[in-house]
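Here the structure is laid out as structure tokens; the discussion comes afterwards.
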Amino acid sequence: NYTIKTHMLLHLAECARYCNPSFGSCYDGEIMMAVVRRLIQGTARGSKPLTVANAALERYVHAKSFEVTNPYERFIHT
């Protein structure tokens, strides 16, 4: 509802003077959205539309498991 959103916006403006702007940063979310977008685009090529989400999740989990299990990963990029 428009009225409720406006009301909450006013409360946020009132509280803004007490908050550090770094606490409200959404750049991490934007970076993750770019990662997900690239993952979905790569998965969508050659896949049936109903299987894209499942295949993308499998690829993401596989990449994360490699990141966790590879102890030398942090030394490769330095």
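We use all heavy atoms of the structure for the numbers below, so side chains are in, but hydrogens, waters and symmetry mates are not.
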Practice item. Check the pair Arg37 / Met33 against side chain to side chain contact (heavy atoms under 4.5 Å, CB included), numbers first and verdict last. Key: CA-CA 6 Å; Arg37 179 178 178 224; Met33 288 304 295; over 6 Å; no
Check your understanding: Which other residues belong to the hydrophobic cluster containing Leu57, where Ile, Leu, Val, Met, Phe, Trp and Tyr are joined when side-chain heavy atoms lie under 4.5 Å apart, directly or via other members?
Key -> Val61
Revision key, fill the gap. Between His7 and His11, the two heavy atoms sitting closest are NE2-NE2, 2.8 Å
Check your understanding: For Ala56, which residues count as a side chain to side chain contact (heavy atoms under 4.5 Å, CB included) partner, sequence neighbours excluded?
Key -> Leu39, Ile40, Thr43
Revision key, fill the gap. Distance col, row Asn54:CG vs Arg59:CZ, nearest 0.5 angstrom, shows 13.0 Å
Exercise for review: Grab the two heavy atoms, one from Ser47 and one from Val52, that are nearest each other, plus how far apart they are.
Suggested key: CB-CG2, 4.0 Å
